[in-house]
Amino acid sequence: MARIQLQNVRKSFGAVDVIKGVDLDIQKGEFMVFVGPSGCGKSTLLRMISGLEDITSGDLLFDSVRVNALAPSKRGIAMVFQSYALYPHMTVYDNMAFGMKLAKAGKDDIRTRVEKAAKMLQIDHLLDRLPKQLSGGQRQRVAIGRAIVRDPQVFLFDEPLSNLDAALRVQTRLEIAKLHHDMNNVTMIYVTHDQVEAMTLADRICVLRDGIVEQVGTPEELYAQPNSLFVAGFIGSPKMNFLTGKQAEAFQCHTLGIRAEHLVMDNTNPVWSGEVVHFENLGSDNYLFVAIGEEMPIIVRVDGKVRLPLGSTVGVRPQAENLHRFDVKGKPMRQ
Amino acid sequence: MQQAELQAQRIRAAMWFLLPMIAALAFVAAYPLLRSIYFSFTDTTLTSLYTGQWVGFDNYLNWRTLPSGRTIYRGTLVDPAWWNAVWNTVRFAFVSVSIEAILGLMVALVLNANFHGRGLVRAAILIPWAIPTIVSAKMWAWMLNDQFGIVNDMLFNIGLISEKIAWTANVDTAMWAVLMVDIWKTTPFMALLCLAGLQMIPRDVYEASKIDGVHPIKVFFKITLPLVKPALMVAIIFRMLDALRIFDLVYVLTPNSAATKTMSVISRENLIEFDKFAYGSAQSTLLFLMIALFVTLYIWLGKVDLSGDKQ
Amino acid sequence: MKALKSAAFYLLVAFIVFIAVFPFYYAIITSFKTGTALFQIDYWPTTFSLDNYRDVFNQGGFFRNILNSVLIASVTVCLSLLLAVTASYALARVRFRGRGLLLMTILAVSMFPQIAVLSGLFEMVRFIGIYNTPWALILSYTIFTLPFTVWVLTTFMRDLPIEIEEAAIIDGATPWQIITKVFMPLMWPALVTTGLLAFIGAWNEFLFALTFTSSTETRTVPVAIGMLSGASQYETPWGIIMAASVLVTVPIVILVLVFQRKIVAGLTAGGVKG
């Protein structure tokens with residue numbers, strides 16, 4: 001239950017600036033995802049919020065109180081780490097109870113809280129095990145359980161799913177979403193480099209690049225109105241097609257962006273046409289890679305039943321309302 | 001920048017954590033070292049530890065001109081016994097470490113190969129390392145005994161020698177005896193450090209060169225040696241420092257032999273046995289300076305990342 | 001050709017093992033020989049007598065010497081570990097100014113020639129009045145066990161995953177609690193290894209033990225063995241010396257063989273990693 005504000009927050013390691021002035025307002029109970037390529041500073045930003053990393057300058061406010069210098073344990077936060085960071089020598093129960101024991105909570109109180117959290121995550125039958133006796137998914141639940149027991153106002157996740165295999169990742173993603181739903185007043189901040197995770201989990205997404213916030217918004221906003229060429233390319237799969245040069249000039253812009261799903265095949269009245277150089281079958285959909293004279297072929301999504309031989313020539317037309325036009329600086333041009 | 005509570009707490013704790021250790025080291029190392037150096041500039045003796053007078057560099061070098069015009073030099077720096085010890089020490093360190101490095105690397109290469117009973121062999125070579133130096137000195141003294149020693153017997157039987165050698169007593173062979181024992185005892189250490197270096201070389205490097213059909217000897221000189229060199233260099237300098245301060249082996253295996261007397265041995269002899277406390281201190285100070293030079297060399301050559309900052 | 005090659009290889013291996021083990025083997029068979037049998041060169045055990053072992057203890061003081069060695073080495077190692085655990089946490093995990101310099105100093109002290117501090121220590125030992133007591137050796141052994149344990153534990157501590165410590169910080173653990181409740185339970189193999197290596201170092205030490213003790217009852221094992229002599233100056237009691245040597249070596253060799261993997265790790269942590 002905390003509103004978190006970052007005001008012109010900066011971080012430098014020696015002469016290297018990692019976070020170059022971030023302003024962000026995270027609402028109570030919001031699920032905020034930090035996303036960006038590796039090295040963009042998203043993890044550093046999370047660690048600054050947690051208190052594990054010093055803030056070089058700027059202000060960090062929790063419910064309007066400046067907490068820059070406050071120790072992590074006093075911020076009312078809990079954190080789930082990428083490597084789970086379970087204490088290897090403690091049982092699941094002790095792992096979850098450790099924080100409360102240090103805070104000198106009563107034995108009964110600890111037991112109640114730990115068991116409640118364990119039940120919620122369906123790990124109550126594992127309480128006597130050691131971390132090494134658990135599977136990856138179970139460890140992840142214990143890590144989340146340990147965080148829940150702390151009864152935090154803010155939940156921090158640092159790439160919690162990247163050590164899990166693909167199937168488990170999807171399942172755990174659902175559970176984290178459910179957790180956020182169940183603890184509806186807890187603010188969650190989640191760091192990932194995976195834009196699919198970001199899109200599926202977030203109330204709002206903060207896209208970071210080189211220590212600067214590129215755009216903050218709901219998943220829909222980022223998808224429909226990317227604020228820069230970078231965001232446009234980062235959000236959405238497959239990556240948005242970018243056309244430059246003559247093709248872009250025809251639309252009075254420097255770069256023209258159009259997503260694969262916003263291109264339709266039209267052999268009678270094509271805007272662009274070219275040869276099919278590659279073909280990816282995903283079952284429900286097919287992606288056609290069409291060489292239209294750009295550096296990269298453009299990707300066109302078609303129905304999964306459509307079969308086209310390589311080398312055949314096709315014409316495509318963009319949906320006019322879904323065109324993204326960018327100027328020289330990579331900024332969007334709006335009509 | 002405002003210091004966060006967490007950092008402040010950690011640094012405060014670190015200071016308290018370090019304090020006892022630093023105090024202990026200051027007490028047992030720094031203070032005695034400075035006192036030893038101080039003693040080397042006085043005329044302190046064992047019986048009058050607290051009444052020594054400052055004599056400047058006299059223990060190192062002093063001279064007096066006789067009425068006849070002849071100048072007499074005294075002090076450690078013109079003491080032939082000292083220079084003999086320096087020469088013994090340096091020769092010992094150089095020869096022992098060189099041979100140990102070569103043999104160590106060879107043993108490491110053998111241990112790095114995949115064969116049955118490798119664990120057993122590794123255990124076996126740990127034995128010399130585990131045996132206390134004094135004990136190995138005694139064991140070898142017995143084996144090198146001139147009349148009843150098994151070494152003479154073996155060499156005699158295979159016809160390498162025609163008469164029994166008094167290994168430890170003979171001036172010509174005493175140093176070889178010391179070297180033999182030291183090499184036997186410390187090659188395992190070298191081998192283990194080299195082995196650790198060898199095992200860090202990824203296997204696919206060898207597989208690639210095998211596929212390319214590179215001759216094994218070429219593989220050794222072009223791949224193995226350069227890759228194991230950093231580990232080997234550190235091991236060599238470690239051993240060098242150890243060899244330069246050798247005391248116990250020489251003291252027990254070849255007592256009172258001028259052919260093997262090292263700097264540590266002669267220093268202690270003067271300090272304790274000959275009651276030339278200050279003179280011995282001057283010699284130990286010189287040894288310290290020499291080793292300090294080597295430590296500097298080690299840190300400089302090793303380019304050790306001492307702070308441990310991985311950034 | 002291939003068989004020849006592998007035969008040559010195994011011959012080399014056998015040679016290495018022979019060289020490594022033979023002196024110890026020979027000491028053992030010698031220790032079982034008495035009288036004139038001692039002066040016959042045998043490659044295989046011929047006689048078996050425990051007389052030498054009996055004589056070692058009858059010589060007076062040898063049992064006491066073993067006790068001294070065990071006591072001195074144990075106390076030294078425990079004290080060093082106690083000081084080193086907290087210090088190495090600070091050195092490995094906390095970033096502060098002067099850390100590199102401090103580590104360099106500790107490394108330098110561990111390579112110190114013991115002789116360089118001998119006269120200063122001698123004065124100190126006399127001054128405190130602990131000359132010819134175990135405390136003189138406990139004090140002086142700290143000079144090499146402490147930097148060694150600090151150095152090795154620091155390299156071990158550095159390798160512990162940082163996220164575990166951060167999780168503990170978020171759970172509200174103080175640095176002291178991180179060490180005692182989180183790191184110590186994870187470090188015990190490292191502590192055993194480091195302690196064992198330091199113990200061997202202290203057990204084998206000779207120079208200080210020789211200089212700071214003056215009577216049979218206060219000597220440690222290496223000095224006692226170094227000074228074992230027979231009825232006359234010209235008659236070295238080889239049988240007894242070998243028995244004593246075997247007695248003090250067997251426990252160490254067993255320890256080393258039991259912990260061999262850990263010891264190799266400890267040695268390389270102290271050496272190669274730097």
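Every chain is numbered from 1 and lettered A, B, ... according to where its sequence line falls, protein lines coming before strand lines.
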Give the minimum heavy-atom separation between [X] and [Y], together with the two atoms involved.
X: C/Asp42; Y: B/Ile150; result: O-CD1, 4.1 Å
X: C/Ile169; Y: B/Leu6; result: CG2-CD1, 3.6 Å
X: B/Gly119; Y: C/Gln260; result: O-NE2, 4.0 Å
X: B/Ile134; Y: C/Pro222; result: CG2-O, 3.3 Å
X: B/Trp142; Y: C/Met242; result: CB-CE, 3.6 Å
X: C/Thr211; Y: B/Arg268; result: OG1-NE, 2.9 Å

Looking at chain C, which one of [options] has the largest number of heavy-atom pairs inside 4.5 Å, strictly under?
options: B/Ala123, B/Pro20, B/Ala13; answer: B/Ala123
options: B/Ser284, B/Pro32, B/Ser136; answer: B/Pro32
options: B/Ile272, B/Ile131, B/Leu49; answer: B/Ile131
options: B/Ala130, B/Ser36, B/Ala137; answer: B/Ser36
options: B/Trp140, B/Tyr251, B/Tyr31; answer: B/Tyr251
options: B/Ala292, B/Ala141, B/Ala113; answer: B/Ala141

[X], part contacting chain B, at a heavy-atom distance under 4.5 Å:
X: C/Leu139; result: both
X: C/Ser31; result: neither
X: C/Thr105; result: neither
X: C/Tyr141; result: neither
X: C/Ile200; result: side chain
X: C/Val250; result: neither
X: C/Leu102; result: side chain
X: C/Ile179; result: side chain
X: C/Leu12; result: side chain
X: C/Ile162; result: neither

For chain B, the option from [options] that forms the most heavy-atom pairs under 4.5 Å:
options: C/Phe144, C/Trp203, C/Tyr26; value: C/Tyr26
options: C/Thr30, C/Val21, C/Val150, C/Thr142; value: C/Thr30
options: C/Ala87, C/Ser6, C/Ala14, C/Ala84; value: C/Ala87
options: C/Phe206, C/Trp238, C/Tyr89, C/Phe122; value: C/Trp238
options: C/Ile19, C/Thr154, C/Val85; value: C/Ile19

Side-chain touch [X]/[Y], heavy atoms, less than 4.5 angstrom:
X: C/Ile115; Y: B/Phe288; value: no
X: C/Thr249; Y: B/Pro132; value: yes
X: B/Phe247; Y: C/Gln114; value: no

Examine whether an atom of [X] lies under 4.5 Å from a heavy atom of chain C, and if so say whether it belongs to the side chain, the backbone or both; otherwise answer neither.
X: B/Asn145; result: side chain
X: B/Ile291; result: side chain
X: B/Thr285; result: neither
X: B/Asn157; result: side chain
X: B/Arg118; result: neither
X: B/Met154; result: both

Atom pair [atom1]/[atom2] of [X] and [Y] - distance to nearest 0.5 Å:
X: B/Phe39; Y: C/Leu118; atom1: CZ; atom2: CG; value: 11.0 Å
X: C/Met111; Y: B/Phe238; atom1: CE; atom2: CZ; value: 4.0 Å
X: C/Leu83; Y: B/Ile22; atom1: CG; atom2: CD1; value: 11.0 Å
X: C/Phe96; Y: B/Leu18; atom1: CZ; atom2: CG; value: 5.0 Å
X: B/Phe27; Y: C/Leu121; atom1: CZ; atom2: CG; value: 9.0 Å
X: C/Leu207; Y: B/Arg245; atom1: CG; atom2: CZ; value: 10.5 Å

Self-check item: C/Phe15 atom CZ, neighbour heavy-atom count above 12 within 6.0 Å
Solution: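 Check fails, neighbour count at 12 or below.
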Quiz item: If you count the non-hydrogen atoms of other residues, nucleotides and ligands that lie under 6.0 Å from CZ in B/Phe115, is the total more than 12?
Solution: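 Yes, CZ of B/Phe115 has more than 12 neighbouring heavy atoms, counting only those of other groups under 6.0 Å.
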Exercise. Kindly indicate, with the supporting measurements, whether the criterion side-chain contact (heavy atoms from CB on, under 4.5 Å) is fulfilled by C/Phe9 and B/Val110.
Key: CA-CA 8 Å; C/Phe9 180 79; B/Val110 168; 3.9 Å; yes
Practice problem: Please test B/Arg10 against C/Arg95 for side-chain contact (heavy atoms from CB on, under 4.5 Å), starting from the C-alpha separation and ending with a verdict. | Solution: CA-CA 9 Å; B/Arg10 285 170 70 80; C/Arg95 233 178 265 164; over 6 Å; no
Quiz prompt | C/Leu146/B/Met21 under side-chain contact (heavy atoms from CB on, under 4.5 Å): CA gap, chis, key distance, verdict | solution = CA-CA 8 Å; C/Leu146 184 57; B/Met21 188 265 301; 4.1 Å; yes
Practice problem: Fit a plane to each ring of C/Trp176 and B/Phe17, take the angle between them on a 0 to 90° scale, and name the class: parallel (under 30°), tilted (30 to 60°) or perpendicular (over 60°). | Solution: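 Because their plane-to-plane angle lies in the 30° to 60° range, the rings of C/Trp176 and B/Phe17 count as tilted.
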Exercise. Please step through side-chain hydrogen bond (donor to acceptor under 3.5 Å, both in side chains) for the pair C/Ser119 and B/Arg35, ending with a clear verdict.
Key: CA-CA 7 Å; C/Ser119 49; B/Arg35 283 301 280 180; over 6 Å; no
